[in-house]
Structures are given as structure tokens and as C-alpha cells.
Amino acid sequence: MENKEEAPKRSLNFIESFVEQDLKDGKNDGRIQTRFPPEPNGYLHIGHAKAICLDFGIAAQYGGICNLRFDDTNPVKEDVEYVDSIQEDIQWLGYHWKNIYYASDYFQQLWNLAIQFIKQGKAYVDEQSAETIAKQKGTPTMPGIESPFRNRSIDENLELFNKMTAGEIPEGAMVLRAKIDMASSNMHFRDPIMYRIITSHPHHRTGWKWKVYPMYDYAHGQSDYFEGVTHSLCTLEFEVHRPLYDWFIDQFKTSDYRPRQTEFNRLNLTYTVMSKRKMLQLVQEGLVNGWDDPRMPTICGLRRRGYSPESIHSFIDKIGYTKFEALNDIGLLEHAARENLNKTATRVNAVLDPVKLIITNYPEGKVELMETVNNPEDESAGTREIVFSRELYIERDDFMEEAPKKYFRMTPGQEVRLKSAYIIKCTGFKKDEANKLIEIYAEYDPQTKSGMPESSRKVKGTLHWVSVAHSLPAEVRLYDRLFKVENPSADEHDFRDLLNPDSLKILTKCYVEHSLLNSKPLDHFQFQRIGYFNVDTDSTSESLVFNRTVSLKDSWAKEQLK
RNA sequence: UGUCUUAUGGUGUAAUGGUAGCACUGCAGUUUCUGGAUCUGCCUGUCUAGGUUCGAAUCCUAGUAAGACAACCA
């Protein structure tokens with residue numbers, strides 16, 4: 001008899017439930033197809049990662065496909081620069097699209113369909129100004145009024161739309177509008193604009209070919225339809241667009257197939273901003289050092305900061321998908337990073353704020369190779385050797401002239417362990433005229449080398465260290481949250497006034513162990529007792545630069561706050 | 001004086017009419033050659049009022065609060 005333990009059933013989120021129900025109902029011949037539809041007008045951020053995980057994840061989970069489709073219907077804002085970075089970021093996250101499409105692939109098809117709308121009396125050319133059209137639109141609580149051009153003849157509409165298309169009409173002079181209902185309680189039904197004229201900018205793919213460009217509401221749903229998308233997943237703010245999404249498709253669909261739009265909550269993170277506009281401002285005004293500044297919530301920023309794709313997945317998995325507009329604690333993202341890096345990062349020694357420690361009874365000129373484990377959480381990571389000598393650097397924080405009772409580190413008369421080396425006892429120290437500590441003295445016990453029986457002696461504190469003569473100088477960049485307040489977007493002040501002045505501290509006089517000489521940009525490490533760090537893209541073997549991804553939890557720091 | 005949507009511990013999220021659970025945070029302890037990690041325990045919750053039901057976080061009604069919608073942006 002097998003005693004099979006029932007697999008713990010992970011509960012489905014509401015979108016998975018919809019998909020499973022659709023599958024059960026046999027909709028769309030049992031096909032599952034999604035798409036990730038970024039506009040190539042900016043860099044992807046962690047909010048997009050949430051959408052990416054859902055779009056690609058649902059497809060993978062239910063044996064469907066997910067395409068990447070660039071929603072490139074506004075040449076004024078879009079650029080190939082973004083097309084490339086978006087692809088790179090998606091791949092870095094570990095996803096593979098079935099096809100790459102562009103909304104611009106459908107320009108002709110969309111245009112043909114627009115002609116059909118005109119011929120059916122469902123669209124008309126309006127030649128009022130943008131201001132007039134806006135005014136006539138009414139407000140959410142007041143109905144709009146109809147355009148005087150609303151009822152012109154089909155022939156006239158056809159002729160004018162052709163002129164628009166041919167570039168004979170100046171930008172802004174005319175638009176094509178769907179003829180729906182100016183009194184609808186849904187603003188989007190008040191004769192939405194389908195096409196506008198843009199002659200001032202070339203499109204990044206079609207050049208100067210088109211003079212008219214479709215608007216989102218018309219282009220997006222129809223592109224979904226043309227592609228065979230079954231589940232069109234987007235964020236909550238598109239909820240009010242859904243009836244229009246459905247309306248357009250109802251006007252021309254010829255079979256049972258139809259894409260279904262479902263909205264989920266977007267990702268909001270504490271202590272940061274996620275809006276493209278604000279991020280662009282931070283970059284353009286030099287408040288951060290570019291889109292990939294490790295403090296930015298962009299995918300490239302997180303990558304450079306040292307977040308792994310796994311930790312991002314894990315984070316997104318933890319926050320879930322609902323219809324509740326939440327504000328997620330960035331602490332959870334940091335937790336996900338620690339959880340992942342704890343299992344994977346090689347432990348190394350780095351001293352960020354060095355002070356010299358001299359082992360007075362250790363022979364001058366002698367060196368020993370000490371074996372140390374690369375990762376106690378992963379035996380397969382193996383061991384390596386590090387160099388021990390008479391003169392070491394330790395952390396300035398790890399010494400106190402007069403220490404409180406709970407201080408387990410170096411203080412005169414107290415024993416500490418040097419990680420992977422010897423137990424030592426502090427015998428003295430030296431200060432300069434300015435009363436600044438410059439040297440610490442200690443004696444080692446030769447019988448306590450790691451691995452020897454005496455080394456199992458109980459010692460409260462263990463310190464990390466590097467050998468003065470064998471360590472490498474390095475620059476270390478310490479990052480903290482970008483903003484001082486939890487929710488900068490909800491604050492009454494300008495978000496730029498809320499930036500955390502201490503979000504970046506650059507330490508230039510650090511020493512790291514010699515093995516880091518061979519490290520490559522983006523390699524992850526744990527600097528023992530300090531935190532998780534990775535090699536910055538600025539780093540070279542002549543001049544090492546590390547970024548702090550996230551600190552280790554520090555219960556001593558907490559203790560001190562009491 | 002509109003339409004749509006949402007409301008479960010400090011935060012996020014489950015429970016699909018039947019014991020309100022999980023994760024993060026916090027606190028206490030265990031353990032440790034990282035004051036890390038591990039392990040254990042604890043604190044804290046169904047917006048309000050009615051109704052339906054043997055039974056409601058869940059269904060209904062009404063409130064309250066929050067969000068979205070009035071770009072020739074997506």
C-alpha cells in the first residue's frame with residue numbers, strides 16, 4: 001500500500017480560476033494564448049515584471065503560448081532603444097516569447113477595419129478641435145453632446161478619412177471617431193477617437209508611411225483579436241475600458257472566438273515610485289545615475305543592484321494577484337533576495353571600514369593558508385583557501401575600548417574567534433593624537449586553529465578579516481531606499497523633495513579578499529557578517545566596485561537601538 | 001451628485017456557505033566558527049448595520065471608506 005501524501009493544493013488566484021473555468025467550458029477550442037504588450041517608450045520596472053510573470057506564467061502553466069507585442073501606436077513617444085532593452089529584460093527574467101509582434105504590424109488591417117466601420121455608419125470624421133471635442137465629452141456625471149459632424153454621409157466620411165490617410169490634412173485638424181453614445185455613463189463610449197493624424201514624427205518601424213495612427217482602445221483589442229489572444233491580462237485602470245474592448249470586437253467578430261480582458265492589481269512598492277513619468281524625471285534631472293541606477297525599481301536597476309531573477313519571481317509569487325490596490329512592503333522584496341542569495345551566494349571576507357589588527361605573537365613574515373567553506377548552505381559549493389598573516393584588517397565596528405556586557409566582539413581582555421583561523425585575545429590598542437583608533441593588538445592561541453580540537457572552545461564572537469598584505473582595495477557602494485517616506489506618490493510634497501539623502505554611500509577604502517580578483521560584473525557574494533553584494537558593471541580587475549544588494553539581518557544593531 | 005471596482009492582523013495574501021490559515025514584519029527563546037542562516041513559540045484580523053441560512057469572511061440590501069474613468073497617451 002502506498003501512503004501517498006496528498007500534494008498541498010496551492011490555491012488558485014482569480015485569474016487562474018477564470019482560465020480553468022474557460023478551459024472547462026471549452027472556450028476558444030481549449031486554446032490559451034496571452035501576450036505581454038509593452039509600449040516601447042521606457043524601461044521596464046518591477047511592476048512590469050509582475051505582469052510578465054502572469055502573462056508568461058499563465059501560458060506556461062496551461063500549455064498555451066505567450067507573445068511579446070509592442071504596442072507601438074504612438075510614434076511621438078516611442079523608440080527602438082526601448083524595444084531592445086525590453087527584450088533583454090524579459091529574457092533576463094527567464095521568459096521566452098513564442099513570437100514578437102508589433103501593433104504596427106496590424107496598421108493596414110486596422111485601417112481596413114476602420115473603413116468597414118465607416119461603411120457601416122459606425123465611425124465618422126470629426127473636424128473639431130481637441131478642446132471642443134473634450135468639452136463636448138461632458139463629465140462623468142454629465143452627459144456629453146453630439147458633434148455637429150456626427151451625422152455626415154458615409155461617402156463624405158470615406159473621402160475625408162482617405163484624405164487624412166494620404167497626408168492631405170494637417171495634424172490635429174481631424175480625427176476618426178466611433179459613433180456610439182455621447183450620453184453613456186461610461187466616458188469611453190462617448191464617441192471615442194479611433195484615429196488621429198501624426199505627420200510630425202516618423203514611426204520607429206514604418207517610417208513616414210502612415211499619417212494616421214490608431215488609438216489604444218481601437219488598436220489593442222483588435223490586435224488581440226487578430227493574434228488569437230484568449231486572455232488579455234492588464235491592470236485595474238483598464239477596467240472601465242473593458243466594455244469598449246468588447247464593443248469593438250462585437251462589431252466585426254465572425255466566430256465564437258473572442259479574447260477576454262481581465263484586470264489585476266498593479267504593483268506598488270513602499271519607498272519608491274513606479275510611474276514612468278516620475279522615473280524619467282529622476283533620470284533626466286540627474287537625481288539618480290540613469291535608468292539602471294541600482295536604486296531604481298527598473299529591471300535593469302534591480303539587476304545591477306544584485307537582485308536575481310529567482311528572487312524577483314519569488315517576491316511576485318508572494319504578493320499575488322488580486323483586485324485590491326495594495327501597497328507592498330519593499331521589505332518583502334528584500335526578504336526574497338536574502339532567501340535566494342543565502343542559498344546561492346559564495347561567502348567571502350570584505351572589510352568595509354578597516355582598522356589594523358596585529359597578532360603580536362605571530363611570526364613576522366609567516367603566512368598560512370586557511371581552508372574555508374564557500375557556502376554553509378550548499379555543501380557542493382566546496383571550499384577554498386584564504387591567506388592568514390600577522391597583520392590583518394578588521395572592521396572598526398568590531399572593536400570597543402569599553403564595551404557593554406552584551407558586546408561579543410573585540411575589547412581588551414576578551415577572546416574572539418577569527419573566522420576560519422584562530423582564537424585571539426585582545427591585548428591592547430593604539431590611538432593617534434586625534435584620539436582615533438589606529439591599531440589593535442592581540443595574541444593568538446596556536447592550538448585553536450580551525451579544525452584543531454582546541455578550536456571548539458566556546459567563544460562568543462566571530463569576526464571576519466583580511467590579510468593586509470594579501471587583500472585587494474575596493475570601492476563599495478551602499479544603497480538604501482530611494483525615498484524617505486513610505487508612499488511618495490500619496491504625499492502632498494513634490495516627490496523629488498522626498499528623496500532619501502542617504503540612499504547612496506560610497507566607501508572607497510575597503511579591502512576584500514584576494515579571490516575576488518577574478519570576479520565578474522553581476523557576480524553575487526555574501527560579504528560575511530555584512531550583507532549580499534554583487535560586482536558592479538563599473539568594476540574592473542584594476543579597480544573593483546561592489547554594490548550592496550541588501551544587508552544581512554543585524555540583531556546587534558537592533559539590540560543597540562534599545 | 002454618474003458608471004465601474006475594491007474592503008480579512010502592522011503589510012500582503014488564502015479560506016469558492018461548514019474549525020479564519022500562510023508569508024513578511026515585530027517580540028521571546030533554541031542553535032550556530034557569520035549577532036547571518038536554522039528551529040520553536042507568541043502578538044495581532046473578517047469596514048458598519050440589517051437580511052437570507054441550521055450555519056456567512058463568503059450570498060442579498062443599505063451605508064461607510066478607498067480607487068479608476070472626463071489625453072488627438074498606453
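Since we're looking at a predicted model, the values are computed, not measured.
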Practice problem: May I ask you to verify if any side-chain N or O of A:Asn265 is less than 4.0 angstrom from the OP1 or OP2 atom of B:rU13? | Solution: yes

Self-check item: From B:rA74, B:rU11, B:rC69, nucleotide with atom closest to A:Asp329 side chain
Solution: B:rU11

Quiz item: Between A:Arg196 and B:rA74, does any side-chain N or O lie under 4.0 Å from OP1 or OP2?
Solution: yes

Quiz item: Salt bridge check: are A:Glu454 and A:Lys449 linked by an N-O gap of less than 4.0 Å?
Solution: no

Practice problem: Rounded off to whole Å, could you give me the CG-to-P distance for the A:Leu332 and B:rG10 pair? | Solution: 17 Å

Self-check item: Donor-acceptor pair present, A:Gln526 side chain and B:rU34 base, under 3.5 Å
Solution: yes

Self-check item: Given B:rA74, B:rC72, B:rU5, the nucleotide with the shortest approach to the side chain of A:Val175
Solution: B:rC72

Quiz item: Looking at B:rU5, B:rA37, B:rU16, which one has an atom nearest to any side-chain atom of A:Ser17?
Solution: B:rU16

Self-check item: Rounded interatomic separation in angstrom, taking OH from A:Tyr321 and P from B:rA14
Solution: 12 Å

Quiz item: Are the ring of A:Phe324 and the base ring of B:rA7 both nearer than 5.5 Å at their centres and tilted by less than 30°?
Solution: no

Exercise. Classify the nucleic acid contact of A:Leu12 as base, sugar-phosphate or nothing, counting any heavy atom under 4.0 Å across all strands shown.
Key: base

Quiz item: Does the side chain of A:Thr270 get closer than 4.0 angstrom to OP1 or OP2 of B:rU11 through an N or O atom?
Solution: no

Quiz item: For A:Lys460 and B:rG35, is the shortest distance between a side-chain N/O and OP1 or OP2 below 4.0 Å?
Solution: no

Quiz item: Expressed in angstrom and rounded to an integer, what is the separation of A:Asn13 atom CG from B:rA15 atom P?
Solution: 10 Å

Quiz prompt | B:rU25 OP1/OP2 closer than 4.0 Å to side-chain N/O of A:Lys553 | solution = yes

Quiz item: Which nucleotide in the list B:rU34, B:rG12, B:rA14 gets nearest to the side chain of A:Asn328?
Solution: B:rG12

Quiz item: On a whole-Å scale, what distance lies between the C1' atoms belonging to B:rA14 and B:rG9?
Solution: 14 Å

Quiz item: Does A:Arg481 pair with A:Glu486 as a salt bridge, N-O distance under 4.0 Å?
Solution: no

Quiz item: Touch check for A:Phe238, heavy atoms < 4.0 angstrom, all strands: base, sugar-phosphate only, or nothing?
Solution: base

Quiz item: Can a salt bridge be assigned to the pair A:Glu415 and A:Arg457 using a cut-off of 4.0 Å between side-chain N and carboxylate O?
Solution: yes

Quiz prompt | Pair A:Arg205 + A:Glu78, salt bridge at N-O below 4.0 Å | solution = no

Exercise. Would you kindly say whether A:Asn534 and A:Thr549 are connected by a side-chain donor-acceptor distance under 3.5 Å?
Key: no

Quiz prompt | Closest nucleotide among B:rC72, B:rU5, B:rA74 to the A:Glu239 side chain | solution = B:rU5

Quiz item: Any side-chain N or O of A:Arg529 less than 4.0 Å from the OP1 or OP2 oxygen of B:rG35?
Solution: yes

Quiz item: Nearest of B:rA37, B:rG12, B:rA68 to any side-chain atom of A:Val240?
Solution: B:rA68

Exercise. Give a yes/no on whether any side-chain N or O of A:Lys137 is located under 4.0 angstrom from OP1 or OP2 of B:rC69.
Key: no

Practice problem: Examine the base of B:rG35 for any acceptor or donor lying under 3.5 Å from a partner atom in the side chain of A:Arg409, and report the outcome as yes or no. | Solution: yes

Self-check item: Proximity to the side chain of A:Thr139 - top-ranked nucleotide from B:rA70, B:rC27, B:rC69
Solution: B:rA70

Practice problem: May I ask you to verify if any side-chain N or O of A:Thr73 is less than 4.0 angstrom from the OP1 or OP2 atom of B:rA74? | Solution: yes

Practice problem: Check every atom of B:rU13, B:rA70, B:rG2 against the side chain of A:Ala326 and return the nucleotide holding the closest atom. | Solution: B:rU13

Quiz item: What distance, rounded to whole Å, do you find between the two C1' atoms, one in B:rC42 and one in B:rC47?
Solution: 27 Å

Exercise. Decide, yes or no, whether a salt bridge links A:Glu339 with A:Lys318 under the criterion of side-chain N to carboxylate O below 4.0 Å.
Key: yes

Quiz item: Going by heavy atoms closer than 4.0 Å, what residues in residues 36-47 of chain A are next to RNA chain B?
Solution: A:Glu39

Exercise. Using a cut-off of strictly less than 4.0 Å, decide whether A:Lys276 has a side-chain nitrogen or oxygen near OP1 or OP2 of B:rC73.
Key: no

Practice problem: With the side chain of A:Glu377 defined as its heavy atoms from C-beta on, choose the nearest nucleotide among B:rA74, B:rC24, B:rA37. | Solution: B:rA37

Exercise. Round to the nearest Å and state the distance from A:Lys318 atom NZ to B:rC24 atom C1'.
Key: 8 Å

Quiz item: For A:His241, which contact category applies under a 4.0 Å heavy-atom criterion: base, sugar-phosphate, or nothing?
Solution: base

Exercise. Could you tell me whether A:Asp445 and A:Lys425 make a salt bridge, using a distance below 4.0 angstrom between a side-chain N and a carboxylate O?
Key: no

Exercise. Scan A:Met215 against the nucleic acid and name what it touches under 4.0 Å (heavy atoms): base, sugar-phosphate only, or nothing.
Key: sugar-phosphate

Self-check item: Face-to-face stacking of A:Trp556 with B:rG35, centres under 5.5 angstrom, angle under 30°
Solution: yes

Quiz item: Which string of ( ) [ ] | and . matches RNA chain B, if you list each base 5' to 3' and count Watson-Crick or G-U pairs only when both distances are under 3.5 Å?
Solution: .((((((..((((....[..)))).((((.........))))....(((((..]....))))))))))).....

Self-check item: P spacing across the pair B:rG29 / B:rG21, given as an integer number of angstrom
Solution: 26 Å

